[in-house]
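Please read the structure below before turning to the comments.
These values consider heavy atoms only, across backbone and side chains, with no hydrogens, waters or symmetry-generated copies. In this text, all values refer to a predicted model and were calculated from it rather than measured experimentally.
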Amino acid sequence: MSWPIVPGLFTTGAARNDVPTWRTIIFSSHLPQQCRLKYMTYCKCHNGKQHEFLLLEFCHWNASQTATTILVVDRTVSNPDPENNSNGSSSRTSGIISPSASPTPAAVDNVFTTPNMNSAIKTHLAKTFGSYTRLCTLDLSTLGVEGPSATQIAVLLSVVSQNAHQYHLYKNQCYWFAETVWEAVKHLFSGGVEGPWVSGRSCYLGVKIEKLNSVEVVCREFNSEWARIEIEAEHKRQEEEARTQQLRNEYQVEIDRLLAKIAELEGRS
């Protein structure tokens, strides 16, 4: 591994975190703020409940590093029936559940990271989702430093997740989560190039699934939250500058005192 580790992005091992935990990890370092989102890909599973998820590809903060990392982002729900789990896991199930299940269980919004080596991401995708189609790719690489940072994406995912804590089959399922994140990124960071779409988004067996349109409110809440974060960061910067200046002043006072003492001693000799 030739690239420096960045918490929550460039790691040595695989990890799945819910969105709040991933945001905490991202905010534990200043480096994710310099890692930009290059590509976002909208994916749809072929089998089972035709789950939809996003792939987010970030570049490394160090321009001399060519490494990129791919994160998997999706909405799931704790499996109410371990015997009816298309993914083969008793703790995680698709973002589409049976109408006979509880209509509003708690949603689980995930961010999965893999080490950027060999075929780790391909192995994870095949094991977790089986066969799937890449419906569309949004190219944000041309935006450069104007593109979304990993820190901004962490905030956006938090806002989307908080906008609908509960999973609802006809309002806030995996289709809603993937589409809301996708469209919000397009609105908030305009200028990216959206590729042609393969048909099938937000459809189950060819039938369009109902969901809420939350993009406008999510964008508004993101802007408010990001402004708050920037104000808080500026206040912290000013406090640190004031503390540094105070230490410099105290240091200079001590130097002046010592110089005066030296001059006094020399005058006596």
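- Side-chain atoms of Tyr167 do not come within 3.5 Å of backbone N or O of Asn172 as any donor-acceptor pair.
- Nearest heavy atoms, Leu143 versus Gly192: CD2-N, 4.1 Å.
- The local environment of CD in Glu210 is sparse, with at most 12 non-hydrogen atoms from other residues, nucleotides or ligands closer than 6.0 Å.
- Using a distance-only test at 3.5 Å, with no hydrogens or angles considered, a donor-acceptor pair links the side chain of His187 to the main chain of Glu183.
- Counted by atom type alone, Thr41 and Thr137 present one or more donor-acceptor pairs between their side chains at under 3.5 Å.
- Put simply, the side chain of Lys44 never gets that close to the backbone of Arg201: no donor and acceptor are under 3.5 Å apart.
- Proximity of Leu212 to Lys171: side-chain heavy atoms (C-beta onward) are separated by under 4.5 Å at one or more points.
- Taking 4.5 Å as the limit, some side-chain heavy atom of Leu156 sits within range of a side-chain heavy atom of Leu188.
- Here Arg237 pairs with Glu234 in a salt bridge; the nearest charged N to carboxylate O distance falls below 4.0 Å.
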### Message
Working note: Lys211 + Glu179, criterion salt bridge (charged side-chain N to carboxylate O under 4.0 Å, His left out); need CA distance, chi angles, decisive distance, verdict.
### Response
CA-CA 10 Å; Lys211 58 187 180 305; Glu179 183 170 307; 3.3 Å; yes
### Task
Take Glu52 and Trp176 through the side chain to side chain donor-acceptor pair (under 3.5 Å) test and state the conclusion after the steps.
CA-CA 9 Å; Glu52 293 183 354; Trp176 170 85; over 6 Å; no
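- Other residues, nucleotides and ligands contribute more than 12 heavy atoms inside 6.0 Å of the CD atom of Glu194.
- Side-chain contact between Ile121 and Val72 is present, with at least one heavy-atom pair separated by less than 4.5 Å.
- Nearest heavy-atom pair across Arg23 and Ser158 is CD-OG, 3.1 Å.
- Between Cys136 and Pro196, the shortest heavy-atom distance links the atoms SG-O, 3.9 Å.
- Cation-pi contact between Arg220 and Phe222: absent, since separation from the ring centre below 6.0 Å together with deviation from the ring axis within 45° is not met.
- For Ala14 against Phe112, the heavy-atom pair with the smallest separation is CB-CZ, 3.8 Å.
- Checked by atom type, the side-chain pair Thr69/Glu57 shows no donor-acceptor distance below 3.5 Å.
- Within a 6.0 Å radius of NZ in Lys122, no more than 12 heavy atoms belonging to other residues, nucleotides or ligands are found.
- Using modelled atom types and a 3.5 Å distance limit, the side chains of Gln246 and Glu250 yield a donor-acceptor pair.
- Hydrophobic cluster membership is shared by Val159 and Phe189, with clusters built from Ile, Leu, Val, Met, Phe, Trp and Tyr side chains linked at under 4.5 angstrom.
- When all heavy atoms of Arg75 and Gln173 are compared, the pair lying nearest together is CD-O, 3.7 Å.
- A donor-acceptor distance shorter than 3.5 angstrom exists from the side chain of Gln152 to the backbone of Ser149, with no hydrogens or angles considered.
- Using a 4.5 Å cut-off on side-chain heavy atoms (C-beta onward), Val185 and Ile153 make contact.
- By the 4.5 Å heavy-atom criterion applied to side chains, Pro7 and Ile26 are not counted as neighbours.
- Ser131 and Asn47 get closest at one heavy-atom pair: OG-ND2, 3.6 Å.
- Between Tyr42 and Trp197, the ring-plane angle classifies as perpendicular under the 30° and 60° cut-offs.
- Atom-to-atom distance recorded for Leu56:CG and Thr113:OG1 is 12.0 Å, nearest 0.5 angstrom.
- Under the 4.5 Å side-chain criterion, counting only non-hydrogen atoms from C-beta, Val155 is in contact with Ile229.
- Checked against the 6.0 Å centroid criterion, the rings of His46 and Tyr132 do not qualify as a close aromatic pair.
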